[in-house]
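Only a predicted model underlies this, so the values are computations on that prediction, with no experimental measurement involved. Each residue takes its place number in the sequence, starting with 1.
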Amino acid sequence: MKRLLITLCKPLSFLPALCMMYLIFTFSAQTGEQSSALSLKATRTIVTVTNRILDRGWSDTEKSAKVEEYHYYVRKAAHMTEYCILSISLAIPLHVYGLGGFGLLLVAGTICVLFAAGDEYHQSFIGGRGPSPKDVCIDSIGAFIGIILTLFFSWIARGGKKRL
């Protein structure tokens, strides 16, 4: 009975990855204006919190300048982060199925890179958006960071005794 339950539940371990793919697809379905407004809001929040926590004493004009200065980097960090999370949510169940080391890097990495390319293609149909090979590269870097983190923490969990 236990074995049957494990067999039935194993495929459900991919559910977080599917949810992350849906979330990424939903973000990509936003118009350029909506996407920019969301990332500007996030950037404003980051600048405001930074100003408060580090007690910078920035004026509203200085905060606005910081928002403009950091907006691009916040957008790219968001790309990298969402694909890092996607790759972790994909690499963990693949690792449970027995993939490790280079095989895990290859399979999970390929899925994430192909999804990133498809996502950028999807954006070409959205108003005010377009495909960006640069974003595919940024997404891929985030994905590979996530896979490497998964392998590293798996290695630590095993006491560092087995190969990644």
message = Under the criterion ring pair (Phe, Tyr, Trp, His ring centres under 6.0 Å), I'd like the reasoning laid out for F25 against F115: C-alpha separation, chi angles, the key distance, then a yes or no.
response = CA-CA 10 Å; F25 182 84; F115 188 78; 8.0 Å; no
request  = Could you check E120 against D139 for side-chain contact (heavy atoms from CB on, under 4.5 Å), going step by step and ending with a plain yes or no?
outcome  = CA-CA 10 Å; E120 288 300 317; D139 297 343; 4.1 Å; yes
message = Determine whether E82 and L23 satisfy the following criterion, side-chain contact (heavy atoms from CB on, under 4.5 Å), listing intermediate values before the conclusion.
response = CA-CA 9 Å; E82 65 189 9; L23 182 66; over 6 Å; no
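S13 places a side-chain N or O within 3.5 Å of a backbone atom of K10 that can act as its donor or acceptor partner. In this structure a side-chain-to-backbone donor-acceptor pair under 3.5 Å is present from T45 to K41. Put simply, the side chain of S154 never gets that close to the backbone of T150: no donor and acceptor are under 3.5 Å apart.
Atom NZ of K134 has 12 or fewer heavy atoms from other residues, nucleotides or ligands within 6.0 Å. Shown here is E69, whose CD atom has more than 12 heavy atoms of other residues, nucleotides or ligands within 6.0 Å.
Nearest heavy atoms, S89 versus A17: OG-CA, 3.2 Å. When all heavy atoms are compared, the tightest approach of T43 to Y70 is CG2-C, 4.1 Å. Contact between A143 and C112 at its shortest, heavy atoms only, is CB-CB, 3.6 Å. When all heavy atoms of V74 and S39 are compared, the closest pair comes out as CG1-O, 4.4 Å.
Between Y97 atom OH and F14 atom CZ the span is 5.5 Å, to the nearest 0.5 Å. Summarising the geometry, atom NZ belonging to K66 is positioned 10.0 Å from atom OG1 belonging to T50; distances are rounded to the nearest 0.5 Å. How far CG of L104 is from CG of L151: 5.0 Å, rounded to the nearest 0.5 Å. Atom-to-atom distance recorded for I24:CD1 and H79:NE2 is 10.0 Å, nearest 0.5 angstrom. Note that CG of L106 and CG of L94 are 11.0 Å apart. Values are rounded to the nearest 0.5 Å. For the atom pair I156 CD1 and L149 CG, the distance stands at 9.5 Å (nearest 0.5 Å).
Hydrophobic clustering, with ILVMFWY side chains joined whenever heavy atoms are under 4.5 angstrom apart, groups V113 together with I85. Neither L15 nor M20 shares a network with the other; the hydrophobic side chains, linked directly or stepwise wherever heavy atoms of I, L, V, M, F, W or Y lie under 4.5 Å apart, form separate groups for each. With hydrophobic clusters built from ILVMFWY side chains whose heavy atoms lie under 4.5 angstrom apart, I147 does not share a cluster with I92. Hydrophobic clustering of Ile, Leu, Val, Met, Phe, Trp and Tyr side chains at less than 4.5 Å, counting indirect connections, keeps L40 apart from L38. Each of I148 and I88 belongs to its own hydrophobic cluster when Ile, Leu, Val, Met, Phe, Trp and Tyr are linked at side-chain heavy-atom distances under 4.5 angstrom.
A 4.5 Å side-chain heavy-atom check between H71 and S36 finds at least one atom pair inside the cut-off. When side chains are defined from C-beta on, R129 does not count as touching S124, because their heavy atoms never get closer than 4.5 Å. Between Q30 and I126, every side-chain heavy-atom pair lies at or beyond the 4.5 Å cut-off. Two residues are said to be in side-chain contact when any heavy atoms from C-beta on lie closer than 4.5 Å; R44 and V47 fail this criterion. Looking at T26 and M21, their side chains never come closer than 4.5 Å, going by heavy atoms from C-beta outward. Taking the side chain as every heavy atom from C-beta outward, K63 and N51 approach each other to under 4.5 Å.
When each of K76, R75, Q123 is paired with D135, the side chain to side chain donor-acceptor pair (under 3.5 Å) condition holds for K76 and for no other.
Using cut-offs of 30° and 60° on the angle between ring planes, the pair F125 and Y121 is perpendicular.
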